[in-house]
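First up is the structure itself, then whatever we jot down about it.
Just so it is clear, the structure is predicted and the values come from calculations on it, not from any experiment.
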Amino acid sequence: MAEYFSSIFNPEIYAEWNDGKQLIQFKGFARLNQYDNEQTHADVREFYYQHVFKNWEISLGAKKIYWGFTESNHLVNVINQDDFLEGNDIENKLGQPMLH
């Protein structure tokens, strides 16, 4: 019986201030694979600053946006980058740099 080590780390940091009108959010991803160096990697899934005004909000940074005809399946997701290192599953997405 062979032993095999693979581990995933998903850190998240969320900070808000000014009664929730300003926030910073960070979501990272890291995989450590004992035998496959191509799968060992780390990246930033989301990292953005958001300011909420009275009638609108603005976000700056790397963020995931989901929209489409069938939101529960994300069938029309042309904004977010695919994370091909994690496979072709429709949930494996990277944040897209944007001003939103």
Geometric class of the F29/H41 ring pair [parallel <30°, tilted 30-60°, perpendicular >60°]:
tilted
Crowded around F26 CZ? As in, over 12 foreign heavy atoms under 6.0 Å?
yes
Exercise answer: donor-acceptor pairs, residues 6-24 side-chain atoms, under 3.5 Å, sequence neighbours excluded:
from, atom 1, to, atom 2, distance (Å)
Y14, OH, E16, OE1, 2.8
W17, NE1, Q22, OE1, 3.4
Q22, OE1, Y49, OH, 2.7

Restricting to ring-ring contact (aromatic ring centres under 6.0 Å, His included), what partner residues turn up for F5, sequence neighbours left out?
none
Return the set of residues passing side-chain hydrogen bond (donor to acceptor under 3.5 Å, both in side chains) with E57 (not counting sequence neighbours), or none when no residue passes.
Q50
What's the spacing between K27 NZ and R45 CZ if we round to 0.5 Å?
11.0 Å
Considering only Ile, Leu, Val, Met, Phe, Trp and Tyr, and joining two whenever side-chain heavy atoms are under 4.5 Å apart, list the other residues clustered with W56.
F53, I58, L60, L99
Can you check whether N33's main-chain N or O pairs, donor with acceptor, with T40's side chain at less than 3.5 Å?
yes
Side chains of Q25 and Y48, donor plus acceptor under 3.5 Å:
yes
